[in-house]
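This report refers to the structure that appears directly beneath it.
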Amino acid sequence: MKATGIVRRIDELGRVVIPKEIRKTLRLRVGDPLEIYTDSGELLLKKYSPINSLESFSKDLCEAINLQTGKTVLICDMDEVLYSKGQSCKDFDKKRISLELEKTILMRKTVKNCSQDGDSLTAITDFDPSGFTSELIVPILCQGDALGAIVLLSKNDKITQEDVSVCKFCEDFLQRQFS
């Protein structure tokens, strides 16, 4: 754990203000849910990720999409890449998503890009491995809220309509787990 040097007092209602600099760094917004943990007299607040709460299910889904499409698959929440399977997947594991991907997810629309068609690809993390030529970003939505995305990446092949259908089916299935 990293000390910030910031000290705050608890008010009469038991509230503590999280400083703006920390909220900005951790991408915390008004209304974001936080999980509260205690350990040996310490208090830990962690941004809650509904997708991560379905850990084994989401991981299995990631592997199934990879088997079906043969392409690199990433499942992200609004903060980081949670699961990955396929080429260069270790380069994405547990990396913070880029602001560009976050904005794309918040648009709540499926995005398909191919550099061979002159499209520019969305940066998935701040340091993306090179070599991918096609991408598909399918936002994971629940009651209108953007929770994350299923991202499909390919180094050689274009994204097919079958790939889109597989990812949308899986997004719909994930969405039903939160309803």
Side-chain angles (χ1 to χ4, degrees), residues 27 29 31-33 35 46-179:
R27 296 182 188 173
R29 292 180 213 81
D32 280 351
E35 286 185 284
K46 183 179 177 191
K47 193 171 180 182
Y48 175 70
S49 170
I51 296 171
N52 205 19
S53 67
L54 297 173
E55 182 176 356
S56 64
F57 181 74
S58 298
K59 190 174 183 177
D60 290 345
L61 195 59
C62 187
E63 291 178 15
I65 296 169
N66 172 257
L67 283 172
Q68 181 68 32
T69 64
K71 295 176 175 67
T72 299
V73 184
L74 313 173
I75 296 184
C76 313
D77 64 9
M78 295 303 292
D79 294 312
E80 67 181 4
V81 177
L82 299 171
Y83 312 104
S84 61
K85 187 71 176 175
Q87 287 183 315
S88 303
C89 68
K90 296 296 180 205
D91 295 331
F92 292 105
D93 272 347
K94 302 300 178 195
K95 298 276 185 341
R96 186 174 202 80
I97 67 168
S98 70
L99 288 174
E100 185 181 2
L101 178 57
E102 183 180 358
K103 288 176 186 175
T104 301
I105 295 169
L106 289 172
M107 288 186 331
R108 295 169 174 77
K109 292 184 180 173
T110 297
V111 175
K112 184 169 97 170
N113 294 316
C114 179
S115 60
Q116 297 165 352
D117 295 338
D119 300 331
S120 59
L121 301 185
T122 305
I124 305 303
T125 62
D126 291 332
F127 175 75
D128 265 353
S130 61
F132 290 105
T133 58
S134 298
E135 70 181 2
L136 174 66
I137 301 168
V138 179
I140 299 168
L141 306 174
C142 180
Q143 299 175 348
D145 292 334
L147 302 179
I150 298 171
V151 179
L152 206 60
L153 300 169
S154 178
K155 290 190 176 190
N156 304 317
D157 305 324
K158 288 187 175 184
I159 303 296
T160 66
Q161 190 54 46
E162 182 181 311
D163 296 333
V164 175
S165 296
V166 166
C167 289
K168 285 191 173 242
F169 174 83
C170 290
E171 182 276 330
D172 184 58
F173 198 76
L174 268 177
Q175 183 184 101
R176 291 170 192 267
Q177 304 308 305
F178 302 116
S179 298

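The backbone N or O of Leu101 sits less than 3.5 Å from a side-chain atom of Ser98, completing a donor-acceptor pair. Panel note: side chain Lys94, backbone Leu82; a donor-acceptor pair is recorded below 3.5 Å. When atom types are taken as modelled, the side chain of Ser115 and the backbone of Ser120 share no donor-acceptor pair closer than 3.5 angstrom. In this structure, Asp119 contributes its side chain and Asn113 its backbone to no donor-acceptor pair below 3.5 Å.
Distance check: Ile105 CD1 to Cys76 SG gives 5.5 Å after rounding to the nearest 0.5 Å. Taken to the nearest 0.5 Å, the CG atom of Asp60 stands 10.0 Å off from the OH atom of Tyr83. Considering CG of Leu147 and CG of Leu141, their distance stands at 7.5 Å, rounded to 0.5 Å. Once rounded to the nearest 0.5 Å, the distance linking OG of Ser134 with CG of Leu136 reads 10.0 Å. We find the CZ-CE distance between Arg96 and Met78 to be 11.0 Å, quoted to the nearest 0.5 Å.
Side-chain contact between Val81 and Thr125 is present, with at least one heavy-atom pair separated by less than 4.5 Å. Between Thr69 and Leu152 the shortest side-chain heavy-atom distance falls below 4.5 Å.
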Set out, in order, the CA-CA distance, both residues' side-chain angles and the distance that settles side chain to side chain contact (heavy atoms under 4.5 Å, CB included) for Lys71 and Leu153, then state yes or no.
CA-CA 6 Å; Lys71 295 176 175 67; Leu153 300 169; over 6 Å; no

Applying side chain to side chain contact (heavy atoms under 4.5 Å, CB included), run through Val151 and Ile124 and close with a yes or a no.
CA-CA 9 Å; Val151 179; Ile124 305 303; 3.8 Å; yes

Start with the C-alpha distance between Val164 and Val138, add both sets of side-chain angles, then the distance that settles side chain to side chain contact (heavy atoms under 4.5 Å, CB included), and finish with yes or no.
CA-CA 8 Å; Val164 175; Val138 179; 5.8 Å; no

Trace of the side chain to side chain contact (heavy atoms under 4.5 Å, CB included) decision for Val111 with Met107:
CA-CA 10 Å; Val111 175; Met107 288 186 331; 4.2 Å; yes

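In this structure, Ser84 and Leu74 approach most closely via the heavy-atom pair CB-CD2, 3.3 Å. Minimum interatomic distance between Leu174 and Ile150 (heavy atoms only, all atoms of both residues): CD1-CD1, 4.5 Å. The nearest pair of heavy atoms linking Asn66 to Gly86 is ND2-CA, 3.7 Å. The shortest non-hydrogen separation linking Leu121 to Cys114 is CD2-N, 4.2 Å.
Listed by first then second residue, pairs satisfying ring pair (Phe, Tyr, Trp, His ring centres under 6.0 Å) with a partner in residues 150-174 read Phe57-Phe173, not counting sequence neighbours. Under the salt bridge (charged side-chain N to carboxylate O under 4.0 Å, His left out) criterion, no residue pair touches residues 132-152, with sequence neighbours excluded. Evaluation of the salt bridge (charged side-chain N to carboxylate O under 4.0 Å, His left out) test over residues 105-116, restricted to residues two or more places apart or in two chains, returns none.
The salt bridge (charged side-chain N to carboxylate O under 4.0 Å, His left out) search around Lys90 returns Asp93, not counting sequence neighbours. Taking Asp172 as the reference, Gln175, Arg176 meet the side chain to side chain contact (heavy atoms under 4.5 Å, CB included) condition, with sequence neighbours excluded. The salt bridge (charged side-chain N to carboxylate O under 4.0 Å, His left out) test applied to Lys158 returns Asp117, not counting sequence neighbours.
In the model, Thr72 has no side-chain atom that pairs as donor or acceptor with a side-chain atom of Lys85 under 3.5 Å. Counting only N and O atoms by type, the side chains of Lys103 and Thr122 include no donor and acceptor under 3.5 Å apart. Residues Asp163 and Thr160 have side chains that bring a donor and an acceptor to within less than 3.5 angstrom of each other.
Among the candidates Val73, Ile65, Ile140, the single residue satisfying the side-chain contact (heavy atoms from CB on, under 4.5 Å) test with Cys170 is Ile65.
The cationic group of Lys155 lies under 6.0 Å from the six-membered ring centre of Phe132 and within 45° of the ring axis, placing it in a cation-pi geometry.
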